[in-house]
Amino acid sequence: MSNRLRFAPSPTGYLHVGGARTALFNWLYVRRYGGQFLLRIEDTDQARSTEESTRAIFEGLRWLGLTWDEEVTHQGANVERHQADARQLLALGHAYRDFTPPEQLDRLRKEAEARGEAFRFDRRLAELPPDDVKRRLERGDPYAIRFRVPDGETSWDDLVHGTITFPNRDIDDFVILRSDGSPVYNFAVVSDDVAMRITLVMRGDDHISNTPKQIMLYRALGAELPRFAHLPMIHGMDGRKLSKRHGATAVGDYQHLGILPSAMNNFLALLGWSPGGDREVMTMAEMIELFSADGLLAKASIFDPKKLEWMNGQHLSRTSAAELDPIVRPLVIQAGLAAAEELEARRDWWLHLLDLLRVRARTTHDIVRQAATYFADGAQYDADAVAKHWKDRAASADTLAAVHARLSETAWNAPVLEEALRKLSEELGVSTGKVFQPLRVALVGQLASPGIFDVLSVLGRERSLARIRAAIDFLRAD
RNA sequence: GGCGGUAUCGUCUAGAGGCCCAGGACACAGCCCUCUCAAGGCUGGAACACGGGUUCGAAUCCCGUUACCGCUACCA
């Protein structure tokens, strides 16, 4: 039988990194072992669910490349089935009507708490004799439907935790259908997972305690049990549950921070999974190949943005300029560095520049920032760069004048330029740095840049000479 | 409170009884390479939560303690 896995977020916010990782593992499992990866939006909670959140989830998943099979299921559309399933359990005697007003339950709970006791739901008080039920039904009294928790114990073999067992006596008869006819989470999930023929439920381990209830529900419904895998949580650097206080928690945030989808997936995959050995930087294809449920970890992990950045830098330097182009080009246009037509017209030049910048960037933003000067008319001199390498203005101007003269008569390609400038510094009797550094400032205005000969090539003869000229003028002014 | 889960460097992790006085990566510090910055290379500090067992031998198995997390709703 083929695997059917699902990711079932509730649309009450953005796609959280924890949710994204759950989705990733489900997706990876299906890609590795075959089957379908389904998406179900748990929008039963009308009050908190929003269209916007649903869209954000779709967007986040698409950005990560975690595409799903078949139509998206909306839990809210299945309420009739949930109700029918509840009626079936009622008919089978696995559930009963509870006419106890919620307020009364609330009061009892509070009283027990005040006495320092644990509140236990008492079936004997709630389950009325048939005649009473009939009378109340005729009267139209509201009631909730409660599941009758059987005696014994419930256990399952979790793919990440091994065997987990719960004594049923610790679980109160729980509501499956509210008095307004809406299904309660644990019940809707089971009804939907059965209907979707899910074979492996892979989700956060905050659902471990829900699992025995759900297993009892499967059995009462006469449905085949899926397998379960409970993934550990992801926490913030302070070890607490990841929240707004930790800064970026939505995958969309990282997209805007200049993180590559492949890096995000790679980083997330390593929180809670290990391919074994020292393997760290992986492409999606490699992750699929290496993925195994055996490598799933049980310990909660902490989200370290620093390592994500490093990972992104690794992906940036392993992704070709041509592949990066569709991601970075829009950013360059958006930053107002160049028009779309201009980039298209100078495609080769642009890819060359991108190739030089990607290896020393950690985010796509770094690339855009560093690219600016190559699109500008002239260099903007950074104060620190000037202070450091143009300290002696007259001497710097003389050096640049010598460079200008030499370069004016040199063929324009990196090896030849290098030979010419090294020879020049030898003739001037100074170290290459004494020539290259002032030149770098003249060319890009910054302390850091790609190798100076690469900069000369990518800038081209005309612009390079013009910038050197401008720097000399600048240094000799006043 | 009850029940359940988890526990290796600050962080992510390797480790499935001897290969481990614990390996890799991020971060940090230093050095090297070098035209700068990255990258890369080398070096350094840094961990098996605690206590009992089992065993010739335990980071690895068992029990307890502690800490953290989750569930305990007519929330999801």
Side-chain angles (χ1 to χ4, degrees), chain A residues 8-10 12 42 44-45 47-49 75 98 100-102 105-106 109 112-113 116-121 142-146 158 161 164-167 169-172 174-180 182-186 188-189 204-213 230 232-233 235 237 239-241 267 270-281 294 297-304 306-311 313-314 317 357-362 366 370 385 388-389 418 421-422 425 431-441 444 446-453 455:
Chain A
S10 48
T12 52
E42 309 232 312
T44 318
D45 187 347
R48 286 200 286 164
S49 302
Q75 187 163 67
D98 177 13
T100 319
L105 246 24
D106 230 46
R109 227 185 299 273
E113 200 182 322
E117 292 168 17
F119 174 78
R120 294 302 315 257
F121 182 82
Y143 62 87
I145 298 182
R146 265 182 205 277
D158 197 277
H161 295 274
I164 299 180
T165 305
F166 282 81
R169 53 173 309 165
D170 291 328
I171 301 167
D172 284 341
F174 53 94
V175 171
I176 57 176
L177 210 65
R178 299 187 186 90
S179 44
D180 67 0
S182 65
V184 166
Y185 174 77
N186 278 312
V189 166
D205 67 11
D206 46 340
H207 288 289
I208 286 181
S209 308
N210 288 325
T211 306
K213 297 178 185 174
H230 286 97
M233 302 275 93
H235 293 155
M237 280 305 277
R240 305 200 64 86
K241 206 171 141 184
F267 176 73
L270 258 19
L271 297 182
W273 172 69
S274 166
D278 298 333
R279 212 52 196 283
E280 293 230 88
V281 182
D294 297 338
L297 276 357
K299 192 186 75 161
S301 50
I302 289 173
F303 191 95
D304 181 2
K306 280 270 185 50
K307 187 152 185 178
L308 205 213
E309 269 207 17
W310 166 79
M311 181 70 79
Q314 293 293 316
S317 57
L357 299 181
R358 71 186 169 88
V359 293
R360 65 202 81 228
R362 284 208 153 187
D366 289 345
Q370 289 165 28
K388 186 157 187 193
H389 299 300
E418 174 161 8
L421 287 181
R422 285 194 187 281
S425 44
S431 66
T432 54
K434 286 277 183 264
V435 176
F436 298 173
Q437 296 294 50
L439 176 57
R440 167 169 286 109
V441 181
V444 301
Q446 303 289 318
L447 279 168
S449 83
I452 202 72
F453 314 110
V455 172

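Given the structure is predicted, the values throughout are model-derived calculations rather than measurements. Protein chains get the first letters and strands the later ones, always in sequence-line order, with residue 1 at the start of each.
Rounded to the nearest 0.5 Å, atoms NZ (A:Lys213) and NE2 (A:His207) are 11.5 Å apart. From A:Ser449, atom OG reaches atom CZ of A:Arg360 across 7.0 Å, with rounding to the nearest 0.5 Å. For the atom pair A:Phe174 CZ and A:Phe121 CZ, the distance stands at 12.0 Å (nearest 0.5 Å). The line from CD of A:Gln446 to CD of A:Gln370 is 9.0 Å long, rounded to the nearest 0.5 Å.
Within the 4.0 angstrom heavy-atom criterion, no nucleotide atom of any strand lies near A:Leu439. Note on A:Phe303: nothing from the nucleic acid sits closer than 4.0 angstrom, heavy atoms only. Counting non-hydrogen atoms under 4.0 angstrom, A:Pro232 reaches nothing in the nucleic acid. Among the heavy atoms of the strands lying under 4.0 Å from A:Ala298 are primed sugar atoms or P, OP1, OP2 only; no base atom is included. Within the 4.0 angstrom heavy-atom criterion, no nucleotide atom of any strand lies near A:Arg279. Within 4.0 Å (heavy atoms only), A:Ser274 reaches sugar-phosphate atoms of the nucleic acid but no base atom.
Here B:rU54 sits opposite no nucleotide as a Watson-Crick or G-U wobble pair (both hydrogen-bonding atom distances under 3.5 Å). With a cut-off of 3.5 Å on both pairing distances, B:rA46 has no Watson-Crick or G-U wobble partner at all. B:rU60 is unpaired under the criterion used here, namely a Watson-Crick or G-U wobble arrangement in which both key atom distances are under 3.5 Å. Checking B:rA25 for Watson-Crick or G-U wobble geometry (two distances, each under 3.5 Å) identifies B:rU11 as its partner.
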Handout entry: B/S/- contact track for nucleotides 69-76 of chain B, protein heavy atom under 4.0 Å
Key = SBSSSBBB
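For the C1' atom pair drawn from B:rU60 and B:rG18, the interatomic distance equals 11 Å after rounding to whole Å. Of the P atoms belonging to B:rU13 and B:rA7, the separation is 11 Å, rounded to the nearest Å.
Side chain of A:His235 to main chain of A:Ala300: no donor-acceptor pair is present (N/O by atom type, distance under 3.5 Å, no hydrogens or angles). Between the side chain of A:Arg146 and the main chain of A:Ile176, no donor-acceptor pair closer than 3.5 Å is present.
A:Arg109 is linked by a salt bridge (charged side-chain N to carboxylate O under 4.0 Å, His left out) to nothing, counting only residues two or more places apart in sequence or in another chain.
Nearest nucleotide to the A:Asp304 side chain, out of B:rA7, B:rA25, B:rG10: B:rG10. Closest to the side chain of A:Leu297, from the set B:rC12, B:rA14, B:rG4, is B:rA14.
Residues A:Ala118 and A:Gly276 both approach RNA chain B. Their nearest nucleotides, taken by heavy-atom distance, put A:Ala118 toward the 5′ side. Annotation: of the two residues near RNA chain B, A:Ile302 and A:Lys388, the 5′-most nearest-nucleotide partner is A:Ile302.
Taking only side-chain nitrogens and oxygens, A:His230 never comes nearer than 4.0 Å to OP1 or OP2 of B:rG5. Look at A:Gln314 and you'll find a side-chain N or O under 4.0 angstrom from OP1 or OP2 of B:rG40. In this structure, A:Arg358 does not reach the B:rA38 phosphate: none of its side-chain N or O atoms is under 4.0 Å from OP1 or OP2.
By the 30° and 60° cut-offs, the orientation of the rings of A:Phe267 relative to A:Phe303 is perpendicular.
A:Gln446 places its CD atom 16 Å from the C1' atom of B:rC35, with the value rounded to the nearest Å.
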